[in-house]
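Chain identifiers are assigned alphabetically (A, B, ...) following the order of the sequence lines, protein sequences preceding nucleic acid strands; residue numbering begins at 1 within each chain. Keep in mind that what you see is a predicted model, and the values were worked out from it rather than measured.
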Amino acid sequence: MSSVMQNNTYVSPKGPWAKLFLALFGVGILYGSYRIYQNATAFTVGLDYFSEDFQTYWMTLLYIQLPVLFGSGAAIVGWIWHTRDRHLDKLAPAEELRRYFVVLAQIMAFAVIAYLTASPFTEADAAWHQVTVRDTDFTPTHIVLFYFAIPMFIISGVVAFAYARTRLPQFANRLSLPFAVVVAGPIMIMPNLGLNEWGHTFFYAEELFAAPIHWGFVLLGWATFAAGGLVVQILTRVVELTKVVSVSEGAESSRAVAVGVSV
Amino acid sequence: MKAIDNPASVSAGQHGLSSAIEQRKAYVQVDLLVIPLIVLLFMGIFSFHFALLVGDWDYWVDWRDRRWWPLVTPLALSVLPGVFGFLLWDKLRLPLGGTLTILCLTLAAWISRYLNFHIFADFPMNFVWPSTYIGLGLILDCMLLLTRSFFWTGLFGGFAFGLLIYPLNWSMLAPFQVPLELNGTMLTVADLMGYEYIRTAIPEYVRIIEESTLRTFGSAVTPLTAVFAGFLNILNYWFWLWIGYLGAKALWIRKIV
Amino acid sequence: MKFLRTLLLPLLLLCVTYPATSMAHGERAQMPQLRMRTVHWIDVQASTTKLAINEIVKIKGKFMPSEYWPHHVNSIEETAFLNIGVPGPSFVRLDSRVNGVPMIRSTSFHKGEVYDFEITLKARKVGRYHVHTVINVEGAGPMIGPGMWVEVTGDESTFQNTAKTLLGETIDLETYGLGNVMFWSALWFAVGLAWFVYWLTKCPIIVPRFKRTAELGFEADQLITPMDRRIGGIFLVLTLSLIVGGYGYAQEKWPITTPLQTGRIDIPPLDQPPTPISIKLIEARYRIPGRSFRMEFDVINGSDRPVTIGEFAAGNLRFINAKVLDVKAKDEHDLVASDALRVEGAPVAAGATQRVVIYADDAMWETERMTTMISSPDAVVAGMLSFFDDKGGRHLVEFGGPMIPDFGMVKG
């Protein structure tokens, strides 16, 4: 690695900022465009599933986005797996630290998607269903939320997980339970749709958003509470990788930085 | 499933950063990545959690009653301060769990209420504004900082958290409970807005709000609810701290079972 | 990115070019039996179909909860609310009445009873809306009435909606209290943010504090400095003071408030003579290939005039006997088939009992998805017949009973 210096010391790598901003820009464009589209067409051609307009303007989207998202998710994860590091035992610490920054950047992208999905797009669904008559399981807010935003959420989580699994020794040799739980939560939201739609169809007629029928989603959202364990796992290793080994006066001053307070 | 708390260090030896300056650079990189990440996750998770457990009480001003809103809200609201408050204090000694999570919720709520309920669904903003809870988070965090004890924080801070929701919001809510008359019926301003601004799928009867009982002694409703909410919230906060403790465990397993 | 552009650009173009008309709806997704056996809407009309912002449209008519209300569906005799089906508050509801009683809150309606209703709406948002009447029934959902196209024009910024409080203050409901809400929200946000920023001033905080906390173990409280504690004390006092101060301020400024108002409304029944006509359904067959509903009744005419059937209505679909009535569709989505009812065996003479057969044949059965009645687990239907005497007097009679589908597979 270029960052490795003599005597096994290295300078700090940087986070993949350019790629991260590019990815976030892409996510912003995608979610933003979808939002504009939703705003413009939901109340005009999105109110009646059985109308031709609905089939044209909304169901077409569903039919496009599901295979595209599934295909691209599988392709990205396949690529991550295919290009996995087969010599993790020889991984230089500087590179390992860089990869930790990469995985944190991926989790950041996951967090951005989590926010967009769980807040503006979820509450768009709330606002929509409280002012219109629910007709089928496919409404303009469901098509965006459940069949676009949540698959994106799943993909972003799985990508970070797969990256760590294939490129970071501690995540490759063992399985991080908190990381698995954090990623499994969004995945389980998809099958939980079964409960939601079954309930709305057969016994739940009102659109009270805090209704028990929605609590399955909450429970799965709580999977992110395991993020604490993941943070501890990552930081524990980052602490090891950010030790200063030079015997210069830097070692002393590093302690003051490490404490972060005046002692 | 076998849990392993201390995985063997993958690489030991003399490897390390070359100087304290480089170390600081690395630390800054972590901060730059982790702090926004935490903020965004809190905004997403808290917003989702709160929407699906409190939702309508926070969406509509004609749902904020004296009996159910101040009881349901703190129970759902202290979950993330408990869970992430444990993480931030136990692992980083940062008393931020209450304020930061609620700050994130508030920001997300204003963005969403504006975009979804105002722009998308066309309700006036004064009908769908989110309540404020930041003061409650501050109480928890300050208590934790001053007592450095989860027990005392739960006992006093948790209680205050439930107790003070109503007075904290009263400065914003009071004008909406001024009475007026519509077609021979007395209503509050909030009721009138709920009636006039049509919600096709949220008919009036869906509101879960106070209905009087023969034993409701007039104005005792609010203080009684506040004290009960405070009591429940002590236990609630402790419980979620414990969940935070479980969530912060760095568990490793051999394979997916 | 190129792919995204290709995917999104046409969609965004569509957003811009698509006309802003709003269909209200959802009724076609409901099971036909439920649409036929819940609420019958009668003579529903809008006072105008084109109005400007701030102008009034009145929707009025009658409705009758069905005697054949399905037992497995929560009853309208429990809790119900008269509502309007429009996408969002495009109108504000100034008044709504049933039998003259204001319907501000929820109520209950009796099966078989005919109710008059009138809803007064004021236009708030520009657009073309399919306005439906709706009765929400607790646990059962929205019972959707017929829809009418109403077009709103004008300048939204001129919309006004004021109210006068019992304290004599005139308020603008579009903005009332918002400045106060934003002030307090911003203040609290600033205080919370200040607390966060205080801790951020210690950056880098994540790794150093994580490391130090782990090293110190039980002694990790050493990380908290005296300055931190002072700041903590200040913020705690500030927070409590702001809460108490804010509460006091509100008490001072709005000393008179009342709790949110709720409770049920009772509606006295209309004083109506009983209908002199009774009918008994002998058979109802729906022939799928012909989209034709054939019903056979025994009609007992207890009135002193001969009567015939002018209209058959079910699930908001109206089939008109053109020989008796001249009803034209009000707009392209008005579910009226002006000449789709064939009546055999009528008129029924005064005092007579007679077998009458009617045929309601129209593609609406298909387009409104009423044909899905054959896939219902409860194949019972209901409908409303309008009998007319030779002087134009009208008698509404509901009927109901099992429906047999005819798949066109059996000859004869």
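Both the backbone and the side chain of A:V131 come within less than 4.5 Å of a heavy atom in chain B. With a 4.5 angstrom heavy-atom cutoff, A:L235 touches chain B only via side-chain atoms. Residue A:H129 touches chain B through its backbone alone, counting heavy-atom pairs closer than 4.5 Å. Contacts between B:F50 and chain A at a heavy-atom distance below 4.5 Å are absent for every atom of the residue. With a threshold of 4.5 angstrom between heavy atoms, B:L37 approaches chain A through its backbone and through its side chain. Neither the backbone nor the side chain of A:T117 comes within contact range of chain B; no heavy atoms are under 4.5 Å apart. A:A109 does not touch chain B: none of its heavy atoms, backbone or side chain, sits under 4.5 Å away. Within the 4.5 angstrom heavy-atom criterion, no atom of B:L88 approaches chain A. The part of A:T122 that comes within reach of chain B is its side chain, from C-beta onward, which places non-hydrogen atoms under 4.5 angstrom from that chain. Contacts of B:K25 with chain A are made by both backbone and side-chain atoms, with heavy-atom separations under 4.5 Å. At a 4.5 Å heavy-atom cutoff, the contact between B:F123 and chain A is made by side-chain atoms alone. Proximity to chain B (any heavy atom under 4.5 Å) is shown, for A:A124, by both the backbone and the side chain. Within the 4.5 angstrom heavy-atom criterion, no atom of B:F42 approaches chain A. For B:L41, the parts lying under 4.5 angstrom from a heavy atom of chain A are both the backbone and the side chain.
Taking CZ from A:F209 and CG from B:L53, the interatomic distance works out to 11.0 Å, rounded to the nearest 0.5 Å. Taken to the nearest 0.5 Å, the CD1 atom of B:I38 stands 10.5 Å off from the CE atom of A:M108. If you take CG on B:L251 and OG on A:S176, they are separated by 8.5 Å, rounding to the nearest 0.5 Å. For the atom pair A:L116 CG and B:M43 CE, the distance stands at 9.0 Å (nearest 0.5 Å). To the nearest 0.5 Å, atom CD1 of residue B:I253 and atom CG of residue A:L175 are 4.5 Å apart. Taking CG from A:L177 and NZ from B:K249, the interatomic distance works out to 11.5 Å, rounded to the nearest 0.5 Å.
In the model, A:E123 has a side-chain atom that pairs as donor or acceptor with a side-chain atom of B:Y59 under 3.5 Å. Side-chain contact annotation: B:R254 with A:N173, donor-acceptor N/O pair under 3.5 Å absent.
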Task: Intermediate values then yes/no, side-chain contact (heavy atoms from CB on, under 4.5 Å), B:V30 and A:V238 - done: CA-CA 9 Å; B:V30 174; A:V238 167; 4.0 Å; yes

Task: Derivation and outcome, side-chain contact (heavy atoms from CB on, under 4.5 Å), residues A:N39 and B:I119 - done: CA-CA 8 Å; A:N39 212 67; B:I119 299 289; 4.1 Å; yes

Task: ring pair (Phe, Tyr, Trp, His ring centres under 6.0 Å) assessment of A:F171 paired with B:W252 - done: CA-CA 9 Å; A:F171 287 92; B:W252 299 91; 5.2 Å; yes

Open item on the list: Does A:T224 form a side-chain contact (heavy atoms from CB on, under 4.5 Å) with B:F48? I'd like the steps, not just the answer.
Closed with: CA-CA 11 Å; A:T224 40; B:F48 189 71; over 6 Å; no

Task: Worked verdict on B:I45 versus A:F225 for side-chain contact (heavy atoms from CB on, under 4.5 Å) - done: CA-CA 9 Å; B:I45 307 165; A:F225 292 175; 4.1 Å; yes

Task: Criterion side chain to side chain donor-acceptor pair (under 3.5 Å) on B:S47 and A:S119, from CA distance to verdict - done: CA-CA 5 Å; B:S47 184; A:S119 183; 2.8 Å; yes

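Under a 3.5 Å cut-off, the side chain of A:E207 and the backbone N or O of B:I202 do not form any donor-acceptor pair. Side-chain N or O atoms of B:Q29 include none that pairs as donor or acceptor with a backbone N or O of A:K14 at under 3.5 Å. A donor-acceptor pair is defined here as one N or O able to donate and one able to accept, closer than 3.5 Å; no such pair exists between the side chain of A:Q130 and the backbone of B:A201. Side chain of A:R35 to main chain of B:L115: a donor-acceptor pair is present (N/O by atom type, distance under 3.5 Å, no hydrogens or angles). Between the B:N116 side chain and the A:P120 main chain, a donor and an acceptor come within less than 3.5 Å of each other.
Taking all atoms of both residues into account, the shortest heavy-atom contact from B:S18 to A:V11 is OG-CG1, 4.0 Å. Scanning both residues, B:A26 and A:T242, for their nearest heavy atoms gives CB-CG2, 3.8 Å. Heavy-atom minimum distance, A:A210 versus B:W57: CB-CZ3, 4.5 Å. Closest of all the heavy-atom pairs between B:A108 and A:Y115 is CB-CE1, 3.9 Å.
Atom CH2 of B:W238 is surrounded by more than 12 heavy atoms from other residues, nucleotides or ligands within 6.0 Å. Crowding of A:W17 atom CH2: a count of heavy atoms from other residues, nucleotides or ligands under 6.0 Å exceeding 12.
Contact count against chain A (heavy-atom pairs under 4.5 Å) is highest for B:L32 among B:I243, B:L32, B:V79, B:D90. Contact tally against chain A (heavy-atom pairs below 4.5 Å) for B:V72, B:I208, B:D56: the top residue is B:D56. Among B:L33, B:L80, B:V83, B:V54, the residue making the largest number of heavy-atom pairs under 4.5 Å with chain A is B:L33.
No side-chain heavy atom of A:K243 sits less than 4.5 Å from a side-chain heavy atom of B:L17.
The aromatic rings of A:W222 and B:H49 lie tilted to each other, with the angle between the two planes from 30° to 60°.
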